Chemist: 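Dumping the structure here so I can ask a few things about it.
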Protein chains: 2
Amino acid sequence: MFDFQSSIQVLRTKGYKLTRPRKRVLEVLAQAQKPVSPYDIQKVLQQRGEHLNHVTIYRILDLFCLLNLAHKVLSFGGFVKCTLGEEEGCHRFMVCRQCGALREFADKALCDEENEIAQDFGFRTEQHFSEGFGLCSNCQGQIF
Amino acid sequence: MFDFQSSIQVLRTKGYKLTRPRKRVLEVLAQAQKPVSPYDIQKVLQQRGEHLNHVTIYRILDLFCLLNLAHKVLSFGGFVKCTLGEEEGCHRFMVCRQCGALREFADKALCDEENEIAQDFGFRTEQHFSEGFGLCSNCQGQIF
DNA sequence: ATGGTAAATGCAATATTATTGCATTTACAT
DNA sequence: ATGTAAATGCAATAATATTGCATTTACCAT
Ligand SMILES: [Mn+2]
Ligand SMILES: [Mn+2]
Ligand SMILES: [Zn+2]
Ligand SMILES: [Zn+2]
């Protein structure tokens with residue numbers, strides 16, 4: 001849903017300043033192939049000659065989450081950029097407990113089902129998160 | 001699935017020692033009405049005149065998670081004791097973003113659905129976690 | 001009951017992660 | 001160009017987590 005350019009658009013549209021730190025963090029998220037922590041981001045930028053204070057990164061990530069430009073991967077404790085084409089408010093992962101391999105996906109049917117169950121409890125769900133924890137295809141063959 | 005007594009049984013059966021700290025932590029988890037962090041647990045016990053080192057609590061909680069006697073609530077960063085009657089390896093929550101209200105539930109149909117999707121990616125899922133984030137019935141009425 | 005032993009805990013040091021208040025800088029509108 | 005609110009940097013502090021090693025404890029065999 002959000003690549004670098006459309007994320008920039010969201011920021012602009014909602015009246016947030018297009019600052020250099022925000023663009024740099026957005027770049028790192030967009031390029032990352034797996035979840036990155038605030039300090040991961042700092043390191044990556046360090047290597048590119050950019051020095052961002054960690055407090056700034058925390059604040060930027062908080063904002064991005066608020067705007068749904070990014071979100072936390074729960075079991076990793078890190079932040080990822082939402083992948084293209086995912087459903088709104090639907091953030092699902094499969095994580096390999098052995099090698100850490102991670103895939104993000106979205107599934108409308110799951111959300112509908114979850115919404116229904118929530119309704120029975122009086123809840124109204126706005127964001128869906130889920131993580132399947134297990135073994136990826138590579139790791140299933142091996143013996144541990 | 002696991003109340004205090006059956007948790008004790010699990011520990012005994014698997015050959016883990018039935019130590020005082022383990023029993024105390026288990027008690028706190030069993031009585032807790034919401035997720036508790038390691039330091040939360042320490043505080044509760046403190047008030048009961050029990051002094052546990054935080055390192056010990058971390059190690060005990062790691063063990064409990066390994067044995068599925070407890071697990072982490074992802075968005076809270078805390079630990080909860082699994083509720084009675086839940087499916088094996090299925091840990092689902094609804095969390096109110098306003099008041100923090102939390103409900104745990106399990107749902108076989110959701111797990112089946114998730115397993116199928118995982119299979120398409122070659123994953124084999126062992127543990128299911130999910131969190132619906134939104135508003136509880138109380139908080140839906142109010143204006144924020 | 002007593003003693004031996006592996007397992008578990010406590011402690012101290014250290015590392016990592018996160019938050020706050022305030023001074024300074026920057027993006028953007030005028 | 002200039003003014004201004006917003007954002008960032010910095011320093012201090014807080015909260016959370018991990019490691020190695022000394023000591024204690026639960027449990028088993030006697
Ligand atoms: Mn997502
Ligand atoms: Mn559970
Ligand atoms: Zn794997
Ligand atoms: Zn609520």
Side-chain angles (χ1 to χ4, degrees), chain A residues 7-29 32 34-46 48-67 69-80 100, chain B residues 4 7-29 32 34-46 48-67 69-80:
Chain A
S7 299
I8 292 287
Q9 267 312 318
V10 170
L11 287 176
R12 202 195 305 277
T13 301
K14 306 219 169 166
Y16 294 96
K17 293 187 180 175
L18 245 54
T19 63
R20 184 179 175 94
R22 282 175 180 165
K23 288 184 217 164
R24 292 298 93 80
V25 171
L26 209 44
E27 281 167 9
V28 175
L29 286 174
K34 47 172 154 171
V36 287
S37 73
Y39 288 96
D40 288 340
I41 293 174
Q42 193 178 43
K43 267 178 231 142
V44 170
L45 290 176
Q46 203 78 255
R48 300 180 186 174
E50 289 275 337
H51 297 263
L52 283 203
N53 190 277
H54 71 276
V55 180
T56 301
I57 299 177
Y58 274 97
R59 293 194 274 227
I60 289 175
L61 290 173
D62 284 345
L63 174 66
F64 287 1
C65 284
L66 188 72
L67 301 179
L69 297 177
H71 63 265
K72 297 185 187 184
V73 177
L74 306 171
S75 59
F76 270 71
F79 292 83
V80 290
Chain B
F4 181 82
S7 297
I8 293 286
Q9 266 315 317
V10 170
L11 288 175
R12 204 196 303 277
T13 302
K14 306 220 169 167
Y16 293 96
K17 291 188 181 174
L18 243 56
T19 64
R20 185 181 175 95
R22 282 177 181 164
K23 288 184 218 165
R24 293 298 94 79
V25 171
L26 210 42
E27 281 167 10
V28 175
L29 287 174
K34 47 171 155 173
V36 286
S37 72
Y39 288 97
D40 289 339
I41 293 173
Q42 192 178 44
K43 267 177 231 143
V44 171
L45 291 175
Q46 202 77 254
R48 300 181 186 172
E50 289 275 337
H51 296 264
L52 282 202
N53 190 277
H54 72 275
V55 180
T56 301
I57 299 177
Y58 275 97
R59 292 195 274 227
I60 288 174
L61 290 172
D62 284 345
L63 174 65
F64 286 2
C65 284
L66 189 71
L67 301 179
L69 296 177
H71 62 266
K72 296 185 188 182
V73 178
L74 306 169
S75 60
F76 270 71
F79 291 83
V80 288

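We use all heavy atoms of the structure for the numbers below, so side chains are in, but hydrogens, waters and symmetry mates are not. Lettering follows sequence order; numbering is per chain, from 1. Not measured: the values here are computed from a predicted model.
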Chemist: Report yes or no: is there a donor-acceptor pair, N or O only, under 3.5 Å between the side chain of B:H54 and the base of C:dT9?
Modeler: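 Between C:dT9 and B:H54, which were checked side chain against base, a qualifying N/O pair under 3.5 Å is absent.
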Chemist: Out of D:dC10, C:dA12, D:dA26, which nucleotide sits closest to the side chain of B:T19?
Modeler: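 Between D:dC10, C:dA12, D:dA26, the one nearest the side chain of B:T19 would be D:dA26.
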Chemist: Out of C:dG10, D:dA5, D:dT19, which has the shortest distance to the side chain of B:V55?
Modeler: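 Looking only at side-chain atoms, B:V55 lies closest to D:dT19.
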Chemist: CZ of B:R24 versus P of D:dT25: gap in Å, rounded?
Modeler: 14 Å
Chemist: Measure from CD1 on B:I60 to C1' on C:dA7 and round the result to the nearest Å.
Modeler: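 Atom CD1 in B:I60 sits about 13 Å away from atom C1' in C:dA7.
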Chemist: Quick one, A:L69 and A:L29 - any side-chain contact, counting heavy atoms below 4.5 Å?
Modeler: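 Not touching, per the 4.5 Å side-chain cut-off.
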Chemist: Please find the pair of heavy atoms, one from B:S37 and one from B:D40, that lie closest to each other, and give the distance.
Modeler: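 Nearest heavy atoms, B:S37 then B:D40: N-OD2, 2.8 Å.
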Chemist: Testing A:K23, A:R20, A:K43 for salt bridge (Lys or Arg N to Asp or Glu O under 4.0 Å) with A:E50, which one passes?
Modeler: A:R20
Chemist: Choosing from C:dA8, C:dT17, C:dT9, which nucleotide comes nearest the side chain of B:R59?
Modeler: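 Between C:dA8, C:dT17, C:dT9, the one nearest the side chain of B:R59 would be C:dT9.
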Chemist: Mind calculating the distance between CG (A:D62) and P (D:dA7) to the nearest angstrom?
Modeler: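 Spelled out: CG on A:D62 to P on D:dA7 is 13 Å.
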Chemist: Would you mind reading off the distance between A:R20 atom CZ and D:dG9 atom P, rounded to a whole angstrom?
Modeler: 10 Å
Chemist: Heavy atoms under 4.0 Å, any strand shown: does B:Y39 hit a base, just sugar-phosphate, or nothing?
Modeler: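 Base: the residue B:Y39, judged by heavy atoms under 4.0 Å, touches a nucleobase.
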Chemist: Rounded to whole angstrom units, what separation is found between the NZ atom of A:K17 and the P atom of C:dA29?
Modeler: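 Computing the A:K17:NZ to C:dA29:P distance gives 10 Å.
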Chemist: Could you tell me how far apart A:L11 (CG) and D:dT8 (P) are, to the nearest whole angstrom?
Modeler: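 It works out to 10 Å between those atoms.
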Chemist: Hey, could you give me the CG/CG distance between A:L61 and A:L66, rounded to the nearest 0.5 Å?
Modeler: 12.5 Å
Chemist: Between A:Q42 (side chain only) and A:N53 (backbone N and O only), is there a donor and an acceptor less than 3.5 Å apart?
Modeler: no
Chemist: How many Å lie between CG on B:L18 and P on D:dC28, as a whole number?
Modeler: 11 Å
Chemist: Heavy-atom nearest nucleotide on DNA chain D for B:K43 versus B:Y16: which residue maps closer to 5'?
Modeler: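 Nearer the 5' end of the strand: B:K43.
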Chemist: Calculate the interatomic distance between A:N53 atom CG and C:dT25 atom P; express it in whole Å.
Modeler: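 Taking atom P of C:dT25 as the reference, CG of A:N53 is at 15 Å.
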Chemist: Counting side-chain heavy atoms from C-beta on, which of D:dC27, D:dT8, D:dT18 comes nearest to A:R22?
Modeler: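 It is D:dT8.
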Chemist: Can you tell which of C:dT19, D:dT8, C:dA6 lies closest to the side chain of A:Y58?
Modeler: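 Of the candidates, C:dT19 comes closest.
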